[in-house]
Each structure stands twice: as C-alpha cells, then as structure tokens.
There are 2 protein chains.
Amino acid sequence: MDIQGLPGRLLADLGPAIASGEIPEGAVLRGEELEERFGVSRTVVREAVRILESMRMVESRRRVGITVQPKSDWDVFDPLVIRWRLAGADRPAQLRSLGSLRVAVEPAAAALAATHATDDDCRALSALAVELTVTARAADLETFLQHDIAFHATVLKASGNEMFAHLGDTVGAVLTGRTEYHLMPHQPESYAIRLHREVAEAICAGDPERAERAMRTIVTGALDELDKQLA
Amino acid sequence: MDIQGLPGRLLADLGPAIASGEIPEGAVLRGEELEERFGVSRTVVREAVRILESMRMVESRRRVGITVQPKSDWDVFDPLVIRWRLAGADRPAQLRSLGSLRVAVEPAAAALAATHATDDDCRALSALAVELTVTARAADLETFLQHDIAFHATVLKASGNEMFAHLGDTVGAVLTGRTEYHLMPHQPESYAIRLHREVAEAICAGDPERAERAMRTIVTGALDELDKQLA
DNA sequence: TCTCCCCAAAGGTATGACCTATTCAAGGGG
DNA sequence: CCCCTTGAATAGGTCATACCTTTGGGGAGA
C-alpha cells in the first residue's frame, strides 16, 4: 500500500471502487455513512477524503456530502489513480492513454539520454540489454519483464529530466499490466530485443537521432500490438 | 486557491515554503509546532500534512515527526507541486523540465489531433489562430497570452488522449510563467504565429505529419529561447 | 564498553461538542 | 399564481481532549 494507517485502508477501498466506476460519477457519500461502513472515526474518514479530493476524484461540500467527480476532472497523472485504473475496468483505456504517452515521451527521453547519460547509466543500460537477450532466449518471462522495466526506467532517468524520470514507475506498471493482459505471450520477439540493444548502444555512443529512432520503433510497436489486442 | 478551508491555507503556506527550499530537505516539523504557528487545531494540521504526504513531499513517522523528503521523491506531475515550483526559486529548473515535456508531448498531440479533432475543435482552433494574429499585431500581450494558452490547450484536448488533455493547464502555467519571466517581450514574432496557423490548418485538414512538424517547430523554438534566457 | 530494556516523545485514532455554510421549504407579500 | 424572504434542518468544518501505539534513545546492569 502507499499511504499507511487506517486512512490508507479506506483509500485502498474507495479509490479502486471509484476508479472502476463501481461508485459512479455523481454519486454522493456521507461522511457518517463511511464511518459506519468501515468502522472508523471521523478523523480517518476526513483524511482519506481529503486525499481523494486532492486528486480531484471527489468534492466535499457542506450540506451536500462527498460527490464523486467526473473522470475528466481526475488528476490522471497521479500514480495512485493510474494504478487504480489499471487494476479495474478502465484498464484498456488506461493502457491506450499510457501507450500514447510513451510514444511521445520515451523517444525524446532516449535522445536526451544520448547527451546526458552518465557512465554508470551507460554501464547499466548495456548490462540490461545483455540480460534481456539472455532471459528472452531462456523464455524466463518474469525476470525478462523486470529487466525490461529497469531498462526503460534507466533510459528515462538518464535523460536528466526529472519529469521523465518520474514516469519510470508508470511505464513499469504499463509493462506489467501488458504482459498480464495477453497472458504471457510467446517468447519475446528477437526484433524488439535487438532494438533495445540498439538504444543502449546509441545512447552510450552519444547518438541522439539513432537512440530516438530505435526507441520510437519500440514504443510504436508496443502501441500497435496493444491496439491489435484490444481491437 | 485549490483546496479550501483551513487546511488549504496551511498548504498554501507550507507547500511553497518547501518547494522553494525555504524549508530544506531533511528538515523535521512537529505537528504541535505547526498547530501553534498557524493557530489551528490538530485536525487541520493532520489533513494538510496528509495531502503533502500524498504528494510525497513529506513523510510522517511516529516518534520522529514530519520530515521533508528529497525533491527527487516529489510527485512532480502534481499540479500544485508544479505551481509551487514555478512560483519559487525552482522556477528556471521547472521551466526547463516542462519545456522538454512540451517538446515531447505537444507534437504528438498535434498529430493525434489531426485524426481525432471534432468539428468544434477545428472551429475553435481556427478562430484562436486568427485571434492570435490580430492581438499580436495590436501588441495586446495580455489577451495574446490568453489565446495562446487556449490554443495549446485545445490542441491537447483535441488529441483525444485524456492524459495529454490534462497537460493543458500545465502548459498554460508555463506560458504565463515564461512571459512573466522575460518581462513582456517585444511584439510576438510573426514567424511563431504563422506556425500556429499552420498547426490549425493541418489539424483541420487531417494532416498529422504537417501538424506535428509545425508544432515541433513551435515548442523547440520556445525551448531554445528559454535556454537563451537562462544561459 | 556493550547489550538490553524501559520510558518518554510524537504521531495515530476516537469522541463529543459546537460552528457554519447551504439547501430546501414554508410562509408572506406582490 | 408567482416570487421573494426567512427560517430551520442537515452535513461538513473545526476544536479540544483523551487515550493508544510505535519507536528512538538513554540509562541500568553485566
């Protein structure tokens, strides 16, 4: 869990319920009702609601209650919101949105990384590229996924842009969700893996164009495959 | 203000203070101390702190207190965090980060808009492009800025991607911050304005490549100019 | 000097009281 | 008949207090 304590438990119940549409837009909750339903005190309810309010998922008004806001108002970049949406019925839509975001951001990050990466970044990328090749050949999907996540996170971090860097976890969630989605696909395609090596090489060689191009091929490929799965 | 009530007032004080480094990383606050300093009750302090915690700007631990987390942990996509950083000493760094993000996202959004824009979007874009031309010629910087913000927000929204759409306000903040930064530059360059019209035309004509190219020229130009200003 | 245990400090939770903004409806005037 | 005023009733907002729980640090004892 992310936020600890009783408010965290409340959030872990309410957040997914709202994100999945189980508690629909426009629904009104009363604080007292939540106190009873979860057997907690006002203090706890208020803190949880405040957090949901800071994500713009609900609005609390006097004499009215706690109203669920339309999805279009939610803070869609909040890591918790993303996680909740990926876990529920919104998963396909969320994967699509994130897919487009990746197409926009990751090539740019790769280009920046080619000029900003430290030696450590470069070493890490090269090592991960090798690991990807090995684990793919061994059809070890679990550790392959972990290395894939680490690879993309490292590129984002190496870009030197804090905002890109913070998308590392989100991209990780996407990759995890995607592999769960098509239920462990056949052996990862060797083409994609070659592209990862290409990205690593280009970044280490300080070639922004090549890094960007290779990364773009990776993420657009991923988005295309996603669209095929969801079609 | 964003969050209302007393917790909102607390946030409006603490957030900027932390974002600007006035309260440095690693600093420890005690809840009781905050109660006295702001003359509010425990309830209020806790709710404000909870929100800061959900942004990962602070961490609250028993027997220790409320610790300011390192900047690298902050939820840099949270609109409040962005606003606070833009308002304080971090402004140059924040503008740079956001500039790179714009370069990544806005061209992609323009391309998507070319295939997803509704007729209303198209009308709005065309109208805004005209307005930009007019207000630029009149050197009416204030309304020019408003239309510029609306233009970019409309493109992002027309992309059909909810995450892109939500960057509209952020981009608006960047544009505002930028014009404040170089203190009302001379008359907006007619070249940039022609590019805005080009974007609008390309989107309405359903030409993704042209829309993307024109938008990329706009945002990379903006980033270059920003770098010159900060150099 | 090292270890272990106990205590105090600080946040976490529960409750009861009271304040305040808002809504909705009843009643009076046009 | 309609509109405006006005007055509760309601639900959140804030405060004060009491007590629980975790945990870091210091002191006692080996």
Side-chain angles (χ1 to χ4, degrees), chain A residues 1-15 17-18 22-70 73-75 80, chain B residues 1-15 17-18 22-70 73-75 80:
Chain A
M1 194 171 317
D2 220 357
I3 279 133
Q4 69 276 64
L6 296 194
R9 299 179 51 75
L10 246 196
L11 267 186
D13 274 303
L14 283 181
I18 295 175
E22 187 187 323
I23 303 178
E25 165 185 340
V28 177
L29 309 169
R30 283 176 316 115
E32 198 185 343
E33 169 194 342
L34 294 175
E35 292 175 30
E36 294 166 7
R37 197 153 100 209
F38 294 91
V40 294
S41 72
R42 271 207 295 307
T43 319
V44 170
V45 169
R46 295 193 99 280
E47 287 176 20
V49 167
R50 277 292 192 195
I51 293 175
L52 286 174
E53 206 174 8
S54 82
M55 300 171 178
R56 302 180 176 286
M57 290 181 81
V58 303
E59 179 179 304
S60 176
R61 290 186 55 186
R62 294 189 171 184
R63 179 58 173 117
V64 173
I66 298 147
T67 313
V68 176
Q69 297 298 106
D73 280 4
W74 300 355
D75 184 357
L80 275 179
Chain B
M1 196 170 316
D2 220 0
I3 279 133
Q4 69 278 66
L6 297 195
R9 297 181 48 76
L10 245 196
L11 267 185
D13 274 302
L14 283 182
I18 295 175
E22 187 186 323
I23 303 178
E25 165 185 342
V28 178
L29 309 169
R30 283 174 316 112
E32 198 184 343
E33 169 195 338
L34 294 175
E35 291 174 31
E36 295 166 7
R37 199 153 97 207
F38 294 91
V40 294
S41 73
R42 196 138 179 219
T43 319
V44 170
V45 170
R46 296 195 97 278
E47 287 175 20
V49 167
R50 276 292 193 196
I51 294 176
L52 286 174
E53 205 175 7
S54 83
M55 300 171 178
R56 302 181 175 287
M57 289 181 81
V58 303
E59 179 179 303
S60 176
R61 290 186 55 182
R62 293 185 178 194
R63 175 56 186 172
V64 174
I66 299 147
T67 313
V68 177
Q69 297 298 105
D73 281 5
W74 300 355
D75 184 357
L80 277 180

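Proteins come first, then strands; the chains are lettered A, B, ... in the order of their sequence lines, and each starts at number 1. Computed from a predicted model, the values in this text were never measured in an experiment.
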What closest approach, in Å, do [X] and [Y] show between heavy atoms, and which atom pair accounts for it?
X: B:P7; Y: B:V44; value: N-CG1, 3.6 Å
X: A:A48; Y: A:L10; value: CB-CD1, 3.7 Å
X: B:V28; Y: B:V64; value: CG1-O, 3.6 Å
X: B:I51; Y: A:S54; value: CG2-CB, 4.0 Å
X: B:W74; Y: B:I18; value: CH2-O, 3.6 Å

Nearest whole Å is fine: how far is [N] [atom2] from [X] [atom1]?
X: A:L10; N: C:dG12; atom1: CG; atom2: P; result: 15 Å
X: B:E32; N: C:dA9; atom1: CD; atom2: C1'; result: 10 Å
X: A:Q4; N: C:dG12; atom1: CD; atom2: C1'; result: 10 Å
X: A:R9; N: C:dT13; atom1: CZ; atom2: P; result: 11 Å

Leading and trailing nucleotides of DNA chain D with any atom under 4.0 Å from heavy atoms of chain A: D:dA9 to D:dT14
Using the side chain to side chain contact (heavy atoms under 4.5 Å, CB included) criterion, which residues pair with [X]? Sequence neighbours excluded.
X: B:E25; result: B:P70
X: A:I66; result: A:L29, A:L34, A:V49, A:V58, A:S60
X: A:E32; result: A:R30, A:E36
X: B:R56; result: A:D2

Please name all residues satisfying side-chain hydrogen bond (donor to acceptor under 3.5 Å, both in side chains) with A:R37, sequence neighbours left out, ordered by chain then number. A:E33
Contacts of A:R61 meeting side-chain hydrogen bond (donor to acceptor under 3.5 Å, both in side chains) (sequence neighbours excluded), chain-then-number -> none
Result for 5'-nearest mapping on DNA chain C, choosing between A:V44 and B:L29, is B:L29
In B/S/- notation (B base, S sugar-phosphate only, - none; protein heavy atoms under 4.0 Å), nucleotides 20-26 of chain C written 5' to 3' is BSBB---
Salt bridge or not between B:R50 and B:E47? Use side-chain N to carboxylate O under 4.0 Å. no
Just to be sure I understand the geometry, which residues of residues 33-43 of chain B put a non-hydrogen atom under 4.0 Å away from DNA chain C? B:R42
Within residues 50-60 of chain B, find the residues that approach DNA chain D with a heavy atom at under 4.0 Å, and present them sorted by residue number. none
